[in-house]
Amino acid sequence: MTDYRRLRVALLGAGAVGSQVAALLRQHADELADRAGARLELVGIAVRDVDAKRDVELPQELFTTDADALIVGSDIVIELMGGIEPARTYLLHAINSGADVVTANKALLATHGPEIFDAADQVGAEVYYEAAAAGAIPIIRPLRDSLAGDRVQRIMGIVNGTTNYILDRMDTEGAEFSDVLADAQRLGYAEADPTADVEGYDAAQKAAILASLAFHTTVPLEAVHREGITAIDASMMDAARHAGYVIKLLAVCERLTEESGESISVRVYPALIDRAHPLASVHGANNAVFVQAEAAGNLMFYGAGAGGVQTASAVLGDVVSAARRHIAGGVGVGESTLANLPIVPVGRVTTRYQITLEVDDQPGVLATVAGILSDGRVSIATVEQTVEQTVEQAVGDAGDSEGGVARLVIGTHKALEQDLSETVDRLAASGVVERVVSVLRVEGN
Ligand code: NAP
């Protein structure tokens, strides 16, 4: 056996991910040593309750509640506690004690990323966070390293497994949101409080991380436009399917080129995507990140976005990278914010839309609707009309075919979000529109 240098590895947290990381570090110790060029010695695991039952069996003497003492003298600190505090304080302590750090904490990086990266820069330490966006899927390293010589134009990601599971079942079973959510909670796909997932907060944190990396720009969480999926119902799913689309919760990070220069947009919302698009075939709780780069073209990264052992794979990859750097020396890659592009509000984005309206089934209504759209600089690509009969019509008492409610599904060409939203307000206020049923963006060219 090669006599490798020993590196002291401290683990903070032994929950779903941490316990698996600890187990793999011990199980594959020899192989990891060969890959890293150093023996990775797990010196301790900080938790809240040293006596709590763990997912895997680990030596009791590794556990401690004194994270600070564990951090001092460690070469690599792995933070898998989650949340902002005390994770932030421990990570800063680790960096300032000379350790390289590995974390899967998207909430922390999306809110305090610059502080943590600056602290690491000051002392020449490195922060690894492959598991912080899209779990097991390697996407941080491809953006940071493999595509470092290219220019990313756009990222479209399905980065939240819970919402993809819910939307996928609504699509395939025609089920309602609340029924699938209840089932997902029963099966463990959704938390008892599903807000972070269904309202898009989790996806927004990941979008902020991916956009910062892709566009060399600090993207604060507040700059990410966010909408969740709670308003999506079975009839919207049905209409989407009928038009050849599927509804997915997408994190879209986009480079915009305007006359005034380049800027970026980062947004999370449910959007229609063509059934032929690769993202449409991401089923269940899986994640995928579709990257469009100037030279590389289209790339797609697909796999498990969560899960203890799956996420542990990404964490261990980071630990091996950290160990290699420790052995080889040299400065870390650091966080690039050189471009610092302005981040524009969602109103400045142009996309296609599908607008579904309930209108009076009267002659001239379509012309009125078309006029309002055209005045608002929204050009129509497709229109489909279905008539829902009144009771009188159904029993044959109406005298003519008019007087019911017609449903108009209008597909638009690309329009400015601000123009579109003002136009929809005007449609809603017009005498001919009974109800704006839905307005959905269409993504994916
Ligand atoms: P978890 O199951 O809730 O485990 C958290 C662990 O941290 C527990 O062992 C807990 O100790 C410990 N801990 C929490 N607060 C602590 C404190 N104040 N002091 C000491 N220890 C503390 O979390 P997880 O699901 O493994 O997630 C860990 C991180 O990975 C999070 O940042 C999460 O966002 C990220 N992540 C998770 C997944 C996933 O599939 N689970 C996927 C991607 C990323 P006790 O056990 O004693 O309570």
Side-chain angles (χ1 to χ4, degrees), residues 10-25 42 44-58 60 62-71 77-94 101-113 116 127-140 157-165 184 188-193 196-197 201-206 208-210 221 251 284-287 289 303-319:
L11 179 60
L12 313 182
V17 185
S19 59
Q20 299 294 340
V21 167
L24 291 172
L25 269 173
L42 181 60
I45 308 173
V47 290
R48 274 179 300 214
D49 175 5
V50 293
D51 296 318
K53 184 156 170 30
R54 303 290 159 196
D55 294 349
V56 294
E57 221 162 280
L58 294 162
Q60 187 61 30
L62 282 177
F63 289 95
T64 173
T65 53
D66 193 348
D68 280 311
L70 182 62
I71 287 167
V77 173
I78 310 171
E79 184 277 306
L80 293 170
M81 299 189 322
I84 308 299
E85 285 295 354
R88 171 185 156 274
T89 304
Y90 288 149
L91 269 190
L92 291 172
H93 181 197
V101 296
V102 175
T103 179
N105 195 332
K106 60 214 141 205
L108 180 61
L109 290 181
T111 49
H112 292 81
I116 288 162
V127 182
Y128 297 86
Y129 54 102
E130 184 60 73
I137 303 173
I139 184 63
I140 301 296
I158 294 172
V159 290
N160 180 271
T162 305
T163 46
N164 201 57
Y165 174 85
Y189 284 108
E191 305 272 343
D193 176 2
D197 294 320
Y201 290 102
D202 173 81
Q205 290 169 352
K206 293 165 181 169
I209 292 171
L210 294 176
L221 194 51
N286 282 307
N287 282 196
V289 184
V309 73
Q310 293 87 342
T311 306
S313 158
V315 172
L316 280 173
D318 280 350
V319 174

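All ligand and atom numbering here is 1-based and tracks the order in the structure.
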With atoms numbered from 1 as shown, which atoms in ligand 1 lie under 4.0 angstrom from a non-hydrogen atom of Leu80?
-> 5 (C), 6 (C), 7 (O), 28 (C)
Does Tyr90, backbone or side chain, put an N or O under 3.5 Å from an N or O of ligand 1?
-> no
Before signing off on this row, confirm whether Gly307 and ligand 1 have an N or O atom pair separated by under 3.5 Å.
-> yes
Enumerated ligand 1 atoms positioned under 4.0 Å from heavy atoms of Pro86 = 18 (N)
Partner of Leu91 under side-chain contact (heavy atoms from CB on, under 4.5 Å), picked from Ile71, Val101, Leu109, is Val101
Please work out which of Gln20, Arg48, Lys53 has its closest non-hydrogen atom nearest to atom 14 (C) of ligand 1.
-> Arg48
Among Leu80, Val77, Val47, which residue meets the side-chain contact (heavy atoms from CB on, under 4.5 Å) test with Leu12?
-> Val77
Does Asn105 reach the main-chain N or O of Ala132 with its side chain, forming a donor-acceptor pair under 3.5 Å?
-> no
What's the shortest distance from atom 20 (C) of ligand 1 to any protein heavy atom, and which residue and atom give it?
-> Val47 C, 3.4 Å
Between the candidates Ala134, Gly13, Gly82, which shows the shortest non-hydrogen contact distance to atom 31 (C) of ligand 1?
-> Gly82
Would you say Gly308 has any N or O atom under 3.5 Å from an N or O of ligand 1, going by distance alone?
-> no
Any non-hydrogen protein atom below 4.0 Å of atom 45 (P) of ligand 1?
-> yes
Residue, atom and distance of the protein heavy atom nearest atom 2 (O) of ligand 1 read Ala16 N, 2.9 Å
Which is it for Val17 and ligand 1 at heavy atoms under 4.0 Å: side chain, backbone, both or neither?
-> both
Determine whether the side chain, the backbone, both or neither of Lys106 has a heavy atom under 4.0 Å from any heavy atom of ligand 1.
-> side chain
May I ask you to identify the nearest protein heavy atom to atom 43 (C) of ligand 1, giving residue, atom name and distance to one decimal place in Å?
-> Thr311 CG2, 3.5 Å
Check: Ala52 N/O within less than 3.5 Å of ligand 1 N/O = no
Ranked by distance from atom 30 (O) of ligand 1, the top protein heavy atom is Ala104 CB, 3.5 Å
